Amino acid sequence: MANIIEITDFNAPELDVYARLTEVQLLNREHPENGIFIAESPKVIERALDAGYEPVSILVERKHIETQARDIIARCGDIPVFAAEFDVLTQLTGFKLTRGMLCAMQRPMLKTIEEVCSGARRIAILENVMNPTNVGAIFRSAAALGMDAVLLTPASSNPLYRRAIRVSMGTVFQIPWTFIGSEDAEWPQPAIGRLRELGFKTAAMALSEDSVSIKDPCLNDIDKLAIIMGTEGEGLASCTISDCDYTVKIPMYHGVDSLNVAAASAVAFYQLGIN
């Protein structure tokens with residue numbers, strides 16, 4: 001039976017995890033085994049549950065308990081289900097966008113690069129992509145356009161940040177991912193060398209004259225390819241570009257100097273993915 005707990009006051013401590021803890025506090029770097037993230041909307045929560053993520057508690061608008069939230073609540077066992085009226089929940093920033101339901105979930109332990117890349121032929125690597133909206137959009141494109149995995153350097157936004165999850169429409173739960181460039185394999189080297197040991201050629205996406213066109217058919221003939229994309233504005237670091245096997249350019253027209261990294265990722269994944 002569902003463990004329904006009535007909430008009438010927005011300041012109730014039960015709502016801290018949803019309303020008052022920062023992303024850094026939820027991440028809990030000192031004790032990552034206790035880290036939490038927030039999934040928003042029934043569809044996104046279902047995708048997280050389908051991927052095996054463990055729910056901790058649910059916050060739901062009271063009227064949805066027996067309607068759109070019913071099946072999810074049934075899947076989650078006896079965890080606390082905090083129920084409140086709409087006027088209480090609208091004090092929570094962005095709650096109107098969630099279709100009446102939030103779920104706090106346990107952060108999993110990060111996988112190794114080898115685990116994430118096992119069996120992969122196309123992977124995306126995000127170098128210092130710090131905007132969670134861009135990270136979420138890139139994951140959505142990666143899922144839709146055939147990427148097998150995503151790796152992120154430590155300065156990138158965490159894919160389980162609330163906005164990244166929401167923008168990705170839950171695809172962060174569908175694509176294997178982890179961070180690259182930790183103490184055992186600094187970025188770009190020896191991390192890129194580690195990818196080569198796994199059989200990957202590396203393609204740096206950069207607006208450089210010393211590059212091959214993204215339409216070059218030789219790129220599609222590569223068995224295992226890592227597509228590396230840089231942060232908004234600055235792009236990839238020069239040392240990263242020099243360490244890659246290829247520099248790949250998306251042609252620009254009408255005087256446009258670049259694409260947003262999320263838009264560029266969609267072009268790159270579509271053109272360079274396995275067809």
Side-chain angles (χ1 to χ4, degrees), residues 1-111 130-133 135-136 139-140 156-174 177 179:
M1 178 178 289
N3 180 16
I4 307 295
I5 300 171
E6 301 289 338
I7 301 293
T8 58
D9 182 0
F10 181 72
N11 294 311
E14 292 89 343
L15 295 191
D16 285 350
V17 68
Y18 297 101
R20 286 174 282 278
L21 296 187
T22 66
E23 293 284 10
V24 172
Q25 289 172 316
L26 292 173
L27 184 60
N28 199 349
R29 293 183 188 276
E30 292 186 5
H31 301 284
E33 69 279 5
N34 297 324
I36 297 291
F37 68 89
I38 306 298
E40 306 180 353
S41 86
K43 178 179 289 187
V44 170
I45 295 168
E46 285 178 346
R47 285 181 172 170
L49 293 173
D50 290 345
Y53 286 78
E54 180 182 349
V56 175
S57 66
I58 289 171
L59 177 62
V60 63
E61 187 180 349
R62 175 194 290 276
K63 70 178 183 180
H64 294 316
I65 290 177
E66 295 299 331
T67 56
Q68 64 186 31
R70 181 182 58 192
D71 291 344
I72 292 175
I73 291 172
R75 292 181 65 178
C76 292
D78 61 355
I79 65 170
V81 177
F82 303 118
E85 297 294 345
F86 184 71
D87 60 349
V88 173
L89 297 179
T90 50
Q91 299 176 66
L92 228 168
T93 301
F95 188 81
K96 290 182 180 180
L97 302 175
T98 69
R99 298 185 183 178
M101 190 174 192
L102 303 174
C103 184
M105 293 186 151
Q106 191 76 43
R107 285 180 183 264
M109 297 301 292
L110 286 175
K111 295 181 178 179
M130 294 171 279
N131 186 317
T133 298
V135 169
F139 265 86
R140 191 170 182 182
S156 295
S157 181
N158 194 291
L160 294 184
Y161 280 177
R162 195 161 170 169
R163 180 177 290 276
I165 294 172
R166 181 167 66 242
V167 172
S168 82
M169 289 296 294
T171 54
V172 294
F173 308 125
Q174 297 175 301
W177 63 270
F179 284 93

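Quantities reported herein were computed from a predicted structural model and do not represent experimental measurements.
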Handout entry: Residue pair Asn3, Ile79: steps toward the side chain to side chain contact (heavy atoms under 4.5 Å, CB included) verdict
Key = CA-CA 6 Å; Asn3 180 16; Ile79 65 170; over 6 Å; no
Handout entry: Residue pair Ile165, Leu160: steps toward the side chain to side chain contact (heavy atoms under 4.5 Å, CB included) verdict
Key = CA-CA 6 Å; Ile165 294 172; Leu160 294 184; 4.1 Å; yes
Exercise for the section: For ring pair (Phe, Tyr, Trp, His ring centres under 6.0 Å), just list the numbers for Phe173 and Phe37, CA-CA rounded to whole Å, side-chain angles, deciding distance to a tenth of an Å, and then say yes or no. Expected result: CA-CA 12 Å; Phe173 308 125; Phe37 68 89; 5.6 Å; yes
Practice task
Let me see the working for Arg162 and Glu23 under salt bridge (charged side-chain N to carboxylate O under 4.0 Å, His left out), right down to the final yes or no.
Solution key: CA-CA 8 Å; Arg162 195 161 170 169; Glu23 293 284 10; over 6 Å; no
Practice task
Run the numbers on Ile58 and Phe82 for side chain to side chain contact (heavy atoms under 4.5 Å, CB included), then give the verdict.
Solution key: CA-CA 6 Å; Ile58 289 171; Phe82 303 118; over 6 Å; no
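Note that CG of Leu59 is 10.0 Å distant from SG of Cys103, once rounded to the nearest 0.5 Å. The line from CG of Leu92 to OH of Tyr18 is 10.0 Å long, rounded to the nearest 0.5 Å. To the nearest 0.5 angstrom, Met101 atom CE is 15.0 Å from Lys43 atom NZ. Put simply, OG1 on Thr90 and CD on Glu85 are 11.0 Å apart, with the number rounded to the nearest 0.5 Å. Atom CG of residue Asp78 and atom CD1 of residue Ile73 lie 13.0 Å apart, to the nearest 0.5 angstrom.
Using a 4.5 Å cut-off on side-chain heavy atoms (C-beta onward), Met169 and Arg47 make contact. For the pair Val88 and Asp9, the minimum side-chain heavy-atom distance is 4.5 Å or more.
Environment of CD in Glu33: crowded, with over 12 heavy atoms of neighbouring residues, nucleotides or ligands closer than 6.0 Å. In the displayed structure, Arg107 atom CZ is contacted under 6.0 Å by more than 12 heavy atoms of other residues, nucleotides or ligands.
Judged by the 6.0 Å and 45° rule, Arg166 forms no cation-pi pair with Tyr161.
Among Ile38, Val56, Ile45, the single residue meeting the side-chain contact (heavy atoms from CB on, under 4.5 Å) criterion with Met105 is Ile45.
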